[in-house]
2 protein chains.
Amino acid sequence: MNIGTASEKSGLPAKTIRYYEDIGLLRPDRADNGYRDYSMSDVHRLRFLQRSRSLGFSVEECRQLLSLYGDKERESADVKALAETKLTEIDRKLAELTELRNTLRHLVHNCHGDSRPDCPIIDGLSGRAQTQ
Amino acid sequence: MNIGTASEKSGLPAKTIRYYEDIGLLRPDRADNGYRDYSMSDVHRLRFLQRSRSLGFSVEECRQLLSLYGDKERESADVKALAETKLTEIDRKLAELTELRNTLRHLVHNCHGDSRPDCPIIDGLSGRAQTQ
DNA sequence: CTTGCACTTCCAGTTACTGGAAGCTTTATA
DNA sequence: TATAAAGCTTCCAGTAACTGGAAGTGCAAG
């Protein structure tokens, strides 16, 4: 499929898809007319990149995560260690997102726009306050 | 407190904290010697910025979220609409993170590094596959 | 009193895109 | 079949969000 279709299916702009190719994150085929030709597997990689980037992982972290798949030379222990490191990060992100959601929920339900100067919303937004 | 302490408490590099001041995200006091002087409220803002940036929100989105607090001119409906938009985004991010975690968990527990060529991990990593 | 570390500003470099020009290919319409 | 529009190509420049380093000042400890 052409880059436009891959863009639609992955949620990434065509520009970004070409950029990801430039930095070696995928290598689509080329058709006879010179157009890039994306497989479903390419689209899966792109969707994964779209997601993990939007969740705050760096491009290099995404590269590592992608290497968990399809890299036949990697040792099992190696793969597991990397995946477990990322799992810990993901769990932290989940906890932080949950807290952020709770705070915003509170804001929506309890604040009425009167902006009392003592509204402690910022404390919630910033997570458990460090008093020391 | 000085920028070094604010950096420790917020988890942001001093460089980044100065940058956030440059782009108008906070306005710490200045001591007589010219040093920036951060309050606990500043640190809360910084911690919030650290979190929401690492969770994939842009600086401009963070600016909006920060404006939910302390902007006494905003209308209640306005604040609620913004918060609710962000809540929807956060819920989507939560779902995506949860899926990503499940996929990595599966990888850690079920893949043994033998890299079967039909290992469907990439499908999981990329979310529900779009077959059409 | 001087060594060293933290702070200041300023400017240059990096990461990860993003926009636009110039040109070729394909597709839709007259 | 002509031709216009849309989609693709490369290349180069610009932006966002930092990040590193130089050059200089403040301050606390030995």
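Within every chain, numbering begins at 1; the chains are lettered A, B, ... in the order of the sequence lines, protein sequences first and strands thereafter.
A donor-acceptor contact shorter than 3.5 Å links the side chain of B/T98 to the backbone of B/L94. Distance alone, capped at 3.5 Å, places no donor-acceptor pair between the A/N2 side chain and the A/G4 backbone. B/R45 contributes a side-chain N or O that, together with a main-chain N or O of B/L25, makes up a donor-acceptor pair within less than 3.5 Å.
A close approach under 4.0 Å does not occur between any side-chain nitrogen or oxygen of A/R53 and OP1 or OP2 of C/dA16. Regarding contacts with the backbone of D/dG26, every side-chain N or O of B/R30 stays at 4.0 angstrom or more from both OP1 and OP2. The side chain of A/Y20 places no N or O atom within less than 4.0 Å of a non-bridging phosphate oxygen (OP1 or OP2) of C/dA16. The phosphate of C/dT15 (OP1 or OP2) has no side-chain N or O of A/R63 nearer than 4.0 angstrom.
The pair A/K93-A/E96 fails the salt-bridge criterion, with no side-chain N (NZ, NE, NH1 or NH2) lying under 4.0 Å from an Asp/Glu carboxylate O. A salt bridge is defined here as a Lys NZ or Arg NE, NH1 or NH2 lying under 4.0 Å from an Asp or Glu carboxylate O, and A/R30 with A/E21 meets this definition.
For the pair B/E8 CD and C/dC5 C1', the computed distance is 14 Å after rounding to whole Å. Rounded to whole Å, atom P of C/dA6 lies 17 Å from atom CE of B/M1. Residue B/I23 contributes atom CD1, which lies 7 Å from atom P of D/dC18 at whole-angstrom precision. Remark: C1' of D/dT9 and CZ of A/R18 are 7 Å apart, rounded to the nearest angstrom. Whole-Å rounding puts the A/I17 CD1 to C/dG19 C1' distance at 17 Å. Rounded to an integer number of Å, the gap from B/N2 CG to D/dC27 C1' is 10 Å. Between A/Y19 atom OH and D/dG14 atom P the separation is 18 Å, expressed in whole Å. Taking atom NZ on B/K15 and atom P on D/dA16, their separation rounds to 20 Å, with Å as the unit.
Here the straight-line distance linking atom CZ of A/R27 with atom CG of A/D42 works out to 11.5 Å at 0.5 Å rounding.
Taking five base pairs at each end of the helix from C/dC1-D/dG30 to C/dT14-D/dA17, the local helix axes there meet at an angle of 20°, rounded to 10°.
Among D/dT9, C/dT8, C/dT18, the nucleotide with an atom closest to any side-chain atom of A/T16 is C/dT18. When each of C/dT9, C/dA16, C/dT26 is scored by its nearest atom to the side-chain atoms of A/N33, the top-ranked nucleotide is C/dT26. When the nucleotides D/dG7, D/dT9, C/dA16 are ranked by their closest atom to the side chain of A/Y35, D/dG7 comes out on top.
Taking the nucleotide of DNA chain D with the nearest heavy atom to each of A/G34 and B/E60, the more 5' of the two is matched to A/G34.
Side-chain contact between A/F57 and A/E89 is present, with heavy atoms from C-beta onward closer than 4.5 Å.
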